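Inspection log for the structure reproduced underneath, given as structure tokens.
Computed from a predicted model, the values in this text were never measured in an experiment. Values below: all heavy atoms of this structure, side chains included; hydrogens, waters and symmetry mates excluded. In each ligand, atom 1 is the first atom listed, and ligand 1 is the first ligand listed.
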Amino acid sequence: MRIDQINLYTTRLPVKGGVYRMASDEVESLDSTLLEIVTDHGLTGWGETCPVGPLYQPHHALGARAAIAEIAPGLVGTEIASIRLLTKRMDERLNGHGYAKAAFDMAFLDLLGQQLGVPVSTLLGGALTDRVPAYYSLIVGAPDETARIAADKLKAGYLRLQVKISGRSLEEDVATIRKVWEAVGYKARIAVDGNRGLTVASAIHLDRLCEAIPFVFEQPCNTMDEVATLKGRVTHPIYLDENTEDQNAVLKAISQGIADGFGFKVTRLGGLTKMTAVRDLCAIRSLPHSCDDAWGGDIIAAACVHLAATVEPCRMEGAWIAQEYIDGHFDAKNPVVIEKGHIAVPQLPGLGVKPEAGMFGKALVTYGS
Ligand code: 0XW
Ligand code: MG
């Protein structure tokens, strides 16, 4: 099965509710990039990459498309058989830019899965479950309102809630965490996500002021070096998210004992194939982690869920997909949906999701004939 053509599409994903607010940015509409790989066998595979704006991490939509322009021409005519060979091909065309390569990796796995008649989770080592937990992300908001939404989401079936903080007074952050804890107690696991926004000093203050509340403290400060200085000075477990920019960053965080867990993003880590390595490293050290992406439609959602299905449930911190903040689906017949705080793992061959024909309009660029 050879690559005949690669079509690049873009689509806008407006945020349901108007705005998604975190310490690093406020976003209203996301710019997603989709790849459709057409093969000589008539099979098509899909990939997606969708940074949550240009400030969250060192990725941006135009950067993804520029990277794809470097890589794609060199892949036309290539056999889809060995993911390792395809990865090597991509690395020979462009250094880095894992978040663009991730879209290709998804499409390759989608094609291989369809050819072999197995879901992508099987290609990633095999599913341990047919239903993975999701978690709900509460945007930076007023304490009472955030607690009200937290209680609603608990009722809706979410077993884990992420509370976004930072970018405002310590008093408001602490009040929000306390109110959420009063509203949900031990019934939901809580992650408090600073999205890189706190100084080391304010992270230590917040930790002390919330000492009795059990939560994991996600990406409190900007750099891994800053976060590393919190070790032994805070009581809450520390998770890294944005600092896990590639596999090596994860290896450093694990080997130096900087993180007690992770919020992983499939595209940031360079794709599903690269994620299997960090998944396995985490398993060796019994470190919990999520399987998320920063944003995206059904293609990215399916990718996260396939990977999440291969993680030991006891270490699975949930798969975050953007569905709660997006209207509609790419694939109305087989959408990736959260039900009672959980997501069914797609069972069809490949990713199990196919965007409806023509829904993204004309391809922005076509590589190959
Ligand atoms: C909650 N998320 C997975 C979605 C947003 O992109 C931010 C991210 C996070 O945990 O930082
Ligand atoms: Mg995070």
| query | Can we call the ring centroids of W295 and Y20 under 6.0 Å apart? | reply | yes
| query | Less than 4.0 Å between a side-chain N and a carboxylate O, is that true for R178 and E182? | reply | no
| query | Is it true that E317 and R160 have a side-chain N and a carboxylate O under 4.0 angstrom from each other? | reply | yes
| query | For the residue pair F264 and H289, does the interplanar ring angle fall in the parallel (under 30°), tilted (30 to 60°) or perpendicular (over 60°) class? | reply | tilted
| request: Could you pull out every protein residue that has a heavy atom closer than 4.0 Å to ligand 1, ordered by chain and then number? | output: Y20, M22, V52, Y56, Y135, S137, Q162, K164, D193, N195, E218, D241, K265, D292, D293, A294, W320
| Pairing of K265 and D293 as salt bridge, 4.0 angstrom limit | no
| message | Looking at H205, I want to see if its NE2 is surrounded by more than 12 non-hydrogen atoms of other residues, nucleotides or ligands under 6.0 Å. | response | no
| query | Charged N to carboxylate O below 4.0 Å: is that the case for K101 and D105? | reply | no
| Sidechain N-carboxylate O distance under 4.0 Å for R268, D292 | no
| query | Which protein atoms of type N, O or S are found under 2.8 Å from the Mg ion (ligand 2)? | reply | D193 OD2, E218 OE2, D241 OD2
| Less than 4.0 Å between a side-chain N and a carboxylate O, is that true for R2 and E79? | yes
